[in-house]
Amino acid sequence: MNADMKDRAVVVTGGARGIGRGIARVFGAAGAKVLIVDLDRADAERTATEIREAGGTATSLVADVTSAADVRNIAAASVKAHGGLDVLCSNVGIFPSASLESMTEEQWDEVQTVNLKSLFLVVQACLPELKKSSAGRVVMTSSITGPITGYSGWTHYGATKAGMLGFMRTAALELAPHQITINAVMPGNIRTEGLADLGDEYIRIMERAVPLGRLGTPEDIGHAMLFLASPQAGYITGQTLVVDGGQVLPESPEAMAQ
Ligand code: NAP
């Protein structure tokens with residue numbers, strides 16, 4: 001799509017690699033000023049450099065989104081580097097696997113903290129600057145896993161991705177008076193470094209499960225986010241957009257047989 005993001009200041013958490021990098025590249029190509037927030041300085045700066053070399057504007061910030069102190073720096077860094085904050089793409093998430101029977105309390109808590117609590121921390125901390133924007137936008141990376149589908153080993157993960165949507169629906173009401181929208185993209189299986197960690201066999205199974213016959217790219221998610229952040233999507237809030245190549249559609253494996 002041809003959304004003009006010129007002069008819009010955009011923050012992408014987890015923007016150094018994977019889906020976040022794809023989001024950052026898409027917004028950078030659309031003319032946005034992109035702040036990449038991630039844990040590793042070299043990785044975050046590599047993505048920022050990549051966007052600058054392609055003619056865009058990008059800066060990086062090291063911050064752990066589970067740390068309230070770190071998160072407080074995000075809006076300030078966007079204001080300092082890019083003059084404000086218009087669009088927050090809250091994208092960080094982890095997806096370790098553990099069966100319900102073997103899962104420890106620590107494993108459960110870690111996934112809740114990184115995937116769900118961080119959303120609260122980041123949105124709340126960025127709110128004062130988003131309110132100053134003429135068209136503030138929050139777009140988050142949820143998942144099909146949890147809100148629509150299940151997958152063994154991901155009770156903790158699915159709970160967070162469904163929880164994000166619960167957060168979003170009430171936040172949408174609280175943010176609406178400030179003309180800030182909040183929406184979620186729900187990816188299927190997207191080819192990222194994180195997904196590669198799940199192994200070749202997982203990827204082969206998933207490729208067979210996608211009607212469009214391929215895994216998604218990080219840019220597929222970036223384009224959906226760009227739409228939700230665009231002026232054209234200004235009347236959409238509290239909604240979800242599934243980007244999964246049709247993966248959730250078949251009623252059964254037989255439905256895929258041609
Ligand atoms: P990824 O390849 O692992 O990338 C995640 C990025 O977030 C990494 O750069 C990571 O840094 C960073 N990060 C992790 N914890 C952080 C923290 N506490 N503070 C700041 N940055 C942090 O993951 P991905 O596959 O792109 O997934 C991104 C999002 O999409 C997640 O929310 C995930 O649940 C969601 N999603 C992914 C898929 C998929 O198929 N890939 C499908 C559905 C939903 P380090 O590398 O230094 O750890």
Side-chain angles (χ1 to χ4, degrees), residues 9-16 18-20 23-24 35-39 44 61-79 84-96 103 105-133 135-148 154-187 194 221 225 228-229 236-241:
V10 178
V11 166
V12 183
T13 71
I19 289 177
I23 297 167
L35 177 69
I36 290 151
V37 177
D38 214 292
L39 289 172
L61 175 75
V62 173
D64 177 346
V65 294
T66 66
S67 153
D70 279 12
V71 161
R72 276 195 287 274
N73 296 330
I74 295 175
S78 182
V79 171
L85 172 50
D86 301 295
V87 179
L88 168 63
C89 300
S90 183
N91 166 74
V92 165
I94 54 172
F95 33 95
M103 191 180 296
E105 195 176 341
E106 289 70 28
Q107 287 173 318
W108 172 269
D109 284 347
E110 186 194 17
V111 175
Q112 304 306 311
T113 304
V114 177
N115 294 7
L116 193 52
K117 184 180 171 191
S118 73
L119 176 65
F120 152 68
L121 290 175
V122 175
V123 173
Q124 188 186 57
C126 290
L127 207 45
E129 285 307 322
L130 286 168
K131 282 163 74 174
K132 293 180 193 165
S133 168
R137 298 274 195 275
V138 180
V139 194
M140 64 183 85
T141 311
S142 174
S143 177
I144 58 171
T145 311
I148 301 179
W154 277 339
T155 51
H156 48 0
Y157 177 78
T160 65
K161 293 295 166 177
M164 291 173 76
L165 303 186
F167 171 92
M168 173 186 76
R169 293 188 179 107
T170 291
L173 299 178
E174 294 192 21
L175 302 186
H178 306 290
Q179 300 303 311
I180 301 170
T181 67
I182 176 167
N183 293 288
V185 174
M186 298 162 73
I221 305 306
M225 290 219 169
L228 290 169
I236 301 173
T237 194
Q239 302 305 312
T240 57
L241 181 52

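We number each residue from 1, following the sequence as shown. Predicted model only: the values in this text are computed from it and were never measured.
- Minimum interatomic distance between Gly136 and Ser133 (heavy atoms only, all atoms of both residues): N-OG, 3.5 Å.
- A pairwise comparison of heavy atoms in Ala9 and Gly84 identifies CB-O, 3.3 Å as the closest pair.
- A search for side-chain contact (heavy atoms from CB on, under 4.5 Å) contacts involving Ala76 returns nothing, not counting sequence neighbours.
- Judged by distance alone, the side chain of Trp154 and the main-chain N or O of Pro96 form a donor-acceptor pair under 3.5 Å.
- Atom-to-atom distance recorded for Ile23:CD1 and Thr13:OG1 is 8.0 Å, nearest 0.5 angstrom.
- Summarising the geometry, atom CZ belonging to Phe167 is positioned 4.5 Å from atom CG belonging to Leu119; distances are rounded to the nearest 0.5 Å.
- For Asp70 (side chain) and Val65 (main-chain N/O), no donor-acceptor pair under 3.5 Å exists by modelled atom type.
- Leu116 has its side chain within reach of Met164: a pair of non-hydrogen atoms, C-beta onward, lies under 4.5 Å apart.
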Could you give me the CA-CA distance, side-chain angles and deciding distance for Met140 and Val123, then say whether side-chain contact (heavy atoms from CB on, under 4.5 Å) is met?
CA-CA 10 Å; Met140 64 183 85; Val123 173; over 6 Å; no
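- Qualifying side chain to side chain donor-acceptor pair (under 3.5 Å) partners for Ser78, counting only residues two or more places apart in sequence or in other chains: none.
- Smallest separation of non-hydrogen atoms from Ala184 and Leu228: O-CD1, 4.3 Å.
- Remark: the backbone N or O of Ile94 is paired with a side-chain donor or acceptor of Asn115 at under 3.5 angstrom.
- A side-chain donor-acceptor contact under 3.5 Å links Ser142 to the backbone of Lys161.
- Considering all non-hydrogen atoms of both residues, Ala63 and Val37 come closest at CB-CG1, 3.7 Å.
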Acceptor/donor pairs from residues 173-183 side chains to any protein atom, 3.5 angstrom cut, sequence neighbours excluded:
unit_1 : atom_1 : unit_2 : atom_2 : d
Asn183 : OD1    : Gly238 : N      : 3.2
Asn183 : OD1    : Gln239 : N      : 2.9
Asn183 : ND2    : Ile236 : O      : 2.9

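- Interatomic distance, CE of Met225 versus OG1 of Thr141, reported as 3.0 Å (0.5 Å rounding).
- Using a 4.5 Å cut-off on side-chain heavy atoms (C-beta onward), Ser143 and Phe95 make no contact.
- Closest heavy-atom contact between Cys126 and Ile74: SG-CG2, 4.2 Å.
- Results of the side-chain contact (heavy atoms from CB on, under 4.5 Å) test with Val185 over Ile19, Ile221, Thr240 single out Ile221 as the only residue that passes.
- Applying the side-chain contact (heavy atoms from CB on, under 4.5 Å) test to Val62 and every residue at least two apart in sequence or in another chain returns Arg41.
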Donor-acceptor pairs are to be reported for all side-chain atoms of residues 105-112 against protein atoms at under 3.5 Å, with residues two or more places apart or in another chain.
unit_1 : atom_1 : unit_2 : atom_2 : d
Gln107 : OE1    : Thr104 : N      : 3.0
Gln107 : OE1    : Thr104 : OG1    : 3.4
Gln112 : NE2    : His156 : O      : 3.3

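- The salt bridge (Lys or Arg N to Asp or Glu O under 4.0 Å) test applied to Lys132 returns Glu129, not counting sequence neighbours.
- Here the straight-line distance linking atom SG of Cys89 with atom CZ of Arg137 works out to 11.5 Å at 0.5 Å rounding.
- Taken to the nearest 0.5 Å, the OG atom of Ser118 stands 10.0 Å off from the CG atom of Asn91.
- In this structure, the separation between NZ on Lys117 and OG1 on Thr160 is 14.5 Å, given to the nearest 0.5 Å.
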